[in-house]
Every structure is written in structure tokens, then in C-alpha cells.
Amino acid sequence: MRILMHLGLNKCASTTIQSALSNAAKTLSEAGVYYPLSDSDGAHYGLSKYYGFGPVNAEIRPTSLADLVAEARIAGCHSLILSSEYMSLYAPRAVRTVLADLTGCGADTRFLLFRRSTDAWIRSLFNQYVKTVDGGDYLPSIDAFAKRVLNNGAIDVARRVLQWRDSVGASRVDLVSISEHGEPGTILGPFEAFADCRLACAVRVPENVSINTDALYAIGRLRQESPSNQRDREIAKLLAGSTPAVSAPEDYVRLGAETRRQLQANVTEPADALGWRPIGLEAGVAA
């Protein structure tokens, strides 16, 4: 059984990839490649939960690699694609168990990770935070938000890439660097190469797409108000493209030089020399 395991680093197009693969499940199956659809949006949280990466949601049924390999064989497929954001989290015992189970299944496995530039990554994270978090401290700019992220110690993206690569072996890992301004391409390219078939263009996921700066600022201000039907209607209008009544401060999405340096030290620089293959992000897809 051939397996391609996408370890979805956060804010690196995982939602778009999973949605596109879910929509292409029939095409993949016809090519002999199984993509499980049991979880929401095609993200294989059951697999992550089984091995202890997360999530903790009681409604999600843990699913082992052996279970998924068996499902693929029942479906008449010779290959399997798996994708989960939680799987990118590095837990030594969990990783050892995953590798042992892959060996037990007789799997020929490749691991796939995507990354983005520091600025694009933190902007996407800020975009998500402002659009979804009510109350709490109102962070007046992306620079203030980035400092908060740095202080909580959660941005260990480069470390996780290095640990996965060292654990599974460099020859089994494909590293893809997403460029928002490079040559047009499709983030589905590595999956198409694995399946040896052409897939539909990556689909757009509206609720996860970055919005313009003024609208983001207006939503952030509304999120600080007590929840109400009126407030939620205003937010929905802004998300749908309504013109905001306020303008964002000039430095609202501007990173300070020192903040950017610290982010790069955590998000990109330690893994820069690993041989990332550049690929363009299709216009209009979710980040």
C-alpha cells in the first residue's frame, strides 16, 4: 500500500487542500487512490486522535492506520492519501507509534509538508483570529498580535519540520514552499503526481479566505462588542464584501523589523536549507 501523508502545518493551505481532495475523491478512487471522507471537510482528525496528536473532541472517533488501509483495500484501491493539521504536531512517542504501524501495514509512505513566507503566515493567522475570536484583549495591530504569539511560545513550525524530517528520513519527505507571488501553479500538484491523475483546481473556502485590511479592522472592532443579532449581521456583511465605515490605521498590518526577525527565527529560518520546492498558490483559494 502506497501512502501519502500530508502533515498540515497551520495556516499553510490545509483547509483548501482537504476540501479539494474531498471534492476529488471520486476521481482519485478511479485512479486507485483512496481519500477517506469520514471526517469533517476531509481533515482526518480521527487518525490524529488515535495516535495522540489531537483533537480532544469526544464526537470524533479514533481511527488507526490499519483501519484506513483496510478501508482502502475494501474500496479496491492500491494507494491512500491522508491529511491532518494535528499530525504536524510533533510528539516523539506518537511519531514512533505511527512509524511502527506504517511498517506493520507494509506501507510505502511519503510525508508532505507545505510552508509559507513569514509575512503571509502571520497575516493568515491574524486574519483568522480577528474574524473568529470574541472579546478578550483587542490587539490593535498585526505587530501586537505577532508579539503575543511569540510570547506564548506556540510557533515552533520550523522545529516541527526538522523533527519530522529527522524521524522519518529526508528521502521520505517532500517539502513544498507556497509562493503567493510566484509563477501560477496548483497546490494540488504533489497529490496529482502521487495519484498520477489530473485533479480539479483547488476550491475556494470562503470562511477561511483573507479579507481586505479595512474590513478586517472593522470586524475586529465589532468582535469587542457584546454578541447580538445586529453585531453578527454587520460582521456577516463585511465578510460578504460590504464596504466598512471605518478605515484601518496605517500600521494595522505592518510588522516591525524586530518582530519580523523573531518570527522568521521561529517560522522559517531554521528549516530554510532543507530544499523546499517552490509552488504558486492559485488565485482566490483559501489560506
Side-chain angles (χ1 to χ4, degrees), residues 2-31 33-48 53-55 60 63 65 68 72 77 79-89 109-117 120-121 123-125 127-128 157 160-161 164-165 172-210 267 271 276-287:
R2 298 167 60 244
I3 297 178
L4 179 61
M5 185 174 290
H6 170 224
L7 309 172
L9 294 170
N10 61 321
K11 310 316 297 175
C12 292
S14 295
T15 303
T16 291
I17 289 167
Q18 290 157 0
S19 180
L21 291 173
S22 293
N23 285 351
K26 185 175 184 294
T27 301
L28 287 167
S29 180
E30 291 170 350
V33 181
Y34 186 63
Y35 185 74
L37 295 176
S38 56
D39 290 335
S40 175
D41 296 324
H44 301 132
Y45 296 137
L47 181 69
S48 307
F53 295 95
I60 294 176
T63 307
L65 282 161
L68 293 170
C77 294
S79 301
L80 173 64
I81 292 176
L82 299 169
S83 175
S84 174
E85 292 92 326
Y86 284 97
M87 292 293 287
S88 72
L89 300 174
T109 309
R110 295 202 64 80
F111 298 83
L112 176 63
L113 295 101
F114 291 81
R115 76 164 181 179
R116 304 172 76 191
S117 70
W121 180 83
R123 170 60 195 258
S124 184
L125 194 64
N127 176 82
Q128 181 184 41
V157 173
R160 284 185 274 147
V161 171
W164 267 106
R165 180 178 180 271
R172 299 172 68 191
V173 180
D174 294 317
L175 303 172
V176 179
S177 183
I178 300 170
S179 171
E180 279 80 5
H181 306 293
E183 288 296 318
T186 171
I187 52 176
L188 295 184
F191 302 96
E192 292 177 329
F194 177 80
D196 193 24
C197 70
R198 179 69 178 167
L199 304 178
C201 179
V203 297
R204 182 167 181 159
V205 187
E207 67 273 14
N208 204 28
V209 172
S210 296
V267 179
W276 297 81
R277 177 165 63 87
I279 196 167
L281 183 66
E282 289 286 353
V285 302

**OP:** Please check if the side chain of Ser19 supplies one atom and the backbone of Thr15 the other of a donor-acceptor pair under 3.5 Å.
**Re:** no
**OP:** Might you point out which heavy atoms bring Val157 and Val267 nearest each other, and give the distance in Å?
**Re:** CG1-O, 4.0 Å
**OP:** Give the intermediate values and the outcome of side chain to side chain contact (heavy atoms under 4.5 Å, CB included) for residues Ser177 and Leu175.
**Re:** CA-CA 7 Å; Ser177 183; Leu175 303 172; over 6 Å; no
Original post:
Looking at side-chain heavy atoms only, is the closest gap between Arg277 and Pro190 below 4.5 Å?
Top reply: yes
Original post:
Hey, what do you get for CD1 (Ile178) to OG1 (Thr16), rounding to the nearest 0.5 Å?
Top reply: 9.0 Å
Subject >> Parallel, tilted or perpendicular: rings of Trp164 and Phe111 (30°, 60°) >> reply: tilted
Subject >> Whether Phe114 and Phe191 hold their rings parallel, tilted or perpendicular, with breakpoints at 30° and 60° >> reply: parallel
Original post:
Can you tell me how far the CD1 atom of Ile81 sits from the CG atom of Leu28, to the nearest 0.5 Å?
Top reply: 5.0 Å
Original post:
Does a side-chain heavy-atom distance below 4.5 Å link Met5 with Leu65?
Top reply: yes
**OP:** Determine whether Arg172 and Thr109 make a side-chain contact, defined as any pair of heavy atoms from C-beta on separated by less than 4.5 Å.
**Re:** yes
**OP:** Please tell me if the side chains of Leu7 and Phe53 come closer than 4.5 Å, counting only heavy atoms from C-beta onward.
**Re:** no
Subject >> Worked check of side chain to side chain contact (heavy atoms under 4.5 Å, CB included) between Tyr45 and Thr63 >> reply: CA-CA 8 Å; Tyr45 296 137; Thr63 307; over 6 Å; no
Subject >> Salt-bridge contact Arg110-Asp174 (side-chain N to carboxylate O under 4.0 Å) >> reply: yes
**OP:** With rounding to the nearest 0.5 Å, note down the distance linking OG in Ser48 to CE in Met87.
**Re:** 5.5 Å
Original post:
Can you tell me how far CG of Leu4 sits from CG of Leu21, rounded to the nearest 0.5 angstrom?
Top reply: 9.0 Å
Subject >> Nearest atoms (heavy-atom pairs only) where Leu80 meets Ala72 >> reply: CD1-CB, 4.4 Å
Original post:
How many angstroms lie between atom CD of Gln18 and atom CG of Leu82, to the nearest 0.5 angstrom?
Top reply: 11.0 Å
Subject >> Close side-chain approach of Arg116 to Leu9, heavy-atom, < 4.5 Å >> reply: no
Original post:
Which pair of non-hydrogen atoms, one from Asn10 and one from Trp121, has the smallest distance, and what is that distance?
Top reply: O-NE1, 2.9 Å
Subject >> Result of checking Ser88, Ser84, Ser83 against His6 for side chain to side chain donor-acceptor pair (under 3.5 Å) >> reply: Ser83
Original post:
Roughly how far apart are Thr27 OG1 and Tyr35 OH, rounded to 0.5 Å?
Top reply: 14.0 Å
Subject >> Check: His44 and Tyr86 side chains under 4.5 Å, non-hydrogen atoms >> reply: no
